[in-house]
Visitor: 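Provided herewith is a single structure, encoded as structure tokens, for subsequent inquiry.
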Protein chains: 2
Amino acid sequence: MAIKDQASRGVSRQVLADHVYEALLIALMDGRLEAGTPVSIDGMARELDVSPTPVREALARLEATGMVRRTALRGYRVAPLFTAAELADLMDARLVIEPANAFMACGHADADLTDQLSQAIEDLKAAPRGPSFAEFRAYWEADERFHRLIAEHANNQFLLSAYNALGGQVQRFRFFGGLGVTDADFAIAEHTEILRAFEAGDADLARRKMIAHIEGVKQRSQHDSEVHDSEVRS
Amino acid sequence: MAIKDQASRGVSRQVLADHVYEALLIALMDGRLEAGTPVSIDGMARELDVSPTPVREALARLEATGMVRRTALRGYRVAPLFTAAELADLMDARLVIEPANAFMACGHADADLTDQLSQAIEDLKAAPRGPSFAEFRAYWEADERFHRLIAEHANNQFLLSAYNALGGQVQRFRFFGGLGVTDADFAIAEHTEILRAFEAGDADLARRKMIAHIEGVKQRSQHDSEVHDSEVRS
DNA sequence: GAATCACATTTCCTATAGGATTCACCGGCC
DNA sequence: GGCCGGTGAATCCTATAGGAAATGTGATTC
């Protein structure tokens, strides 16, 4: 009820399951729901002050994103956190999909796209880089927006679906939730190079710059994960 | 031992939502649920003789596959059929992901994998090629199994997710549901070439053969869709 | 004849209740 | 001490009911 009263005034009416979905997503990214912990349907319903039915529907949708796993008759639990090896796998998968996105999107690039990409980079520069969730979120959002813009402008719904399937992006956020942003300067520079390629209309260059960017992210994240591990163990 | 038999095999009892999910999937592929038609929650519940709750959960899962679309407060309806252009997009997306899968899987190939791939090809040869659903299904299953085996052996859960996101494979089936198999001989030959590359352990060759295969599928499907269109118009 | 409004039906959405299953705890037994 | 079985609580799963919204129908009005 409280949730419904809070935000059902938008232009497009949302149903309760949508709010539950978003609440769960926030809790997942926030770290309130830690990896491995079970997510009780009834319990979450009590906590959000709704009935179990919308919670059940929201969890069924969330399962497709890989954020939670379900076992019949045993319920849902938060998906385990990434290991360093899995993080490397994620980057390898991005290396397969995103350069292709960049190449294709360059063919459909216009001033509107480059403007939005430029804006995403500016937001990246302006975003705070602290370790807290609230600060990190703005940075992550701008980064995600940059890559998503390119994926959307590839003009191929299936490649976009494939990109979305890599929603582990969100989990990546969780992985570094306690670490903050450490490679902002590198990322900004690499994003700018990609933007230059788009402005020049050089699709092949855009692809190469995307490869360079993700490989950079991969290497830096591997280093960060080692730091993270040592901190956890200390 | 015997008591744990059921649990150890991972065949935890299926709940009603799982059955509804499969029933919907069959109805979708079968053509009983035509593109664009609404899928009423209550109506489907009556038809399957269950309550609306499991139906709702099954549809929430199905939405992630792209087979149905949902509008808040208006319900679900079957996703529109592919146009020829979208079919080409699907093949382009496969051209991005599957050659990479083949390349990586070749690094993890063993006798077990090549045996299973060989079996999939044999099943493809043996499958009937009639236009009816029951016949087509065996062919489609063997084809899907071949590609899925490679995707799974790439040993990268994210690439596998991306491949799964291309579940439009199923919709591709629907697109040609009334047409039957027309390119079996080509497909079998191309699959065999890919298998040869795996047996030789030549990852780069496997990638190139996968590219050749999907490009072949793309071209042939474009031709078939023209035939299909002319038949529909006649 | 076309647009509009009222009304009835269908459908979606949410809450609630109860049966079935799993899990956690605890006492008994080898 | 370790293993086994029973009991209670928590949880999942399904069915049902009712309010809210959307759709379809028919009559009225311009």
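Worth knowing before you read on, the calculation uses all heavy atoms, side chains too, and leaves out hydrogens, waters and symmetry mates. Here is how names work: the chains are called A, B, and so on, in the same order as the sequence lines, proteins then strands, and each is numbered from 1. The shown structure was predicted, so the numbers you read here are calculated from the model rather than taken from an experiment.
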Visitor: From CD of A/E57 over to C1' of D/dT14, roughly how many Å is that when rounded to an integer?
Guide: 16 Å
Visitor: Touch check for A/V39, heavy atoms < 4.0 angstrom, all strands: base, sugar-phosphate only, or nothing?
Guide: sugar-phosphate
Visitor: Within the pair B/R56 and C/dC13, is there a side-chain N or O less than 4.0 Å away from OP1 or OP2?
Guide: yes
Visitor: Nearest-Å distance, CG (A/L16) to P (C/dT16)?
Guide: 12 Å
Visitor: A/S51 has a side chain; which of C/dC12, D/dA22, C/dT14 sits nearest to it?
Guide: C/dT14
Visitor: Give the rounded distance in Å between these two atoms: CD1 of B/I41 and P of D/dT16.
Guide: 17 Å
Visitor: Any donor-acceptor pair under 3.5 Å linking the side-chain atoms of B/D123 with those of B/Q119?
Guide: yes
Visitor: Side chain of B/R74, heavy atoms from C-beta onward: which of D/dT23, C/dT11, D/dT11 has the nearest atom to it?
Guide: D/dT23
Visitor: In whole angstroms, how far is the C1' atom of C/dC13 from the CG atom of A/D18?
Guide: 11 Å
Visitor: Tell me: CE of B/M44 to P of C/dC12, nearest whole Å?
Guide: 10 Å
Visitor: Of all the nucleotides listed (D/dC13, C/dT14, D/dA15), which has the minimum atom distance to the side chain of A/A17?
Guide: C/dT14
Visitor: Using side-chain contact (heavy atoms from CB on, under 4.5 Å), reason through A/V55 and A/V39 one step at a time and then give a plain yes or no.
Guide: CA-CA 10 Å; A/V55 176; A/V39 182; over 6 Å; no
Visitor: By nearest nucleotide on DNA chain D, pick out whichever of B/D42 and A/R46 is the more 5' one.
Guide: A/R46
Visitor: Taking for each residue the nucleotide of DNA chain C bearing the nearest heavy atom, is the 5' side occupied by A/P52 or by A/L73?
Guide: A/P52
Visitor: How far apart are the C-alpha atoms of B/F146 and B/L124, what are their side-chain angles, what is the distance that settles it, and do they pass the side-chain contact (heavy atoms from CB on, under 4.5 Å) test?
Guide: CA-CA 9 Å; B/F146 183 88; B/L124 211 57; over 6 Å; no
Visitor: A/E57 versus A/Y21: any side-chain heavy-atom pair under 4.5 Å?
Guide: no
Visitor: Compare the minimum distances between each of D/dC13, C/dA15, D/dT11 and the side chain of A/P54, then state the nucleotide with the smallest one.
Guide: C/dA15
Visitor: Counting side-chain heavy atoms from CB outward, which of C/dC12, D/dA15, D/dC13 is closest to B/V50?
Guide: D/dA15
Visitor: Are B/L62 and B/R70 close enough that some pair of their side-chain heavy atoms sits under 4.5 Å apart?
Guide: no
Visitor: Starting at atom CD of A/Q14, determine the distance to atom C1' of C/dC13, rounded to an integer number of angstrom.
Guide: 14 Å
Visitor: When all nucleic acid strands are considered with a 4.0 Å heavy-atom cut-off, which category describes B/T53: base, sugar-phosphate, or nothing?
Guide: base
Visitor: Just the rounded figure in Å: distance from C1' of D/dT14 to NE2 of B/H19.
Guide: 14 Å
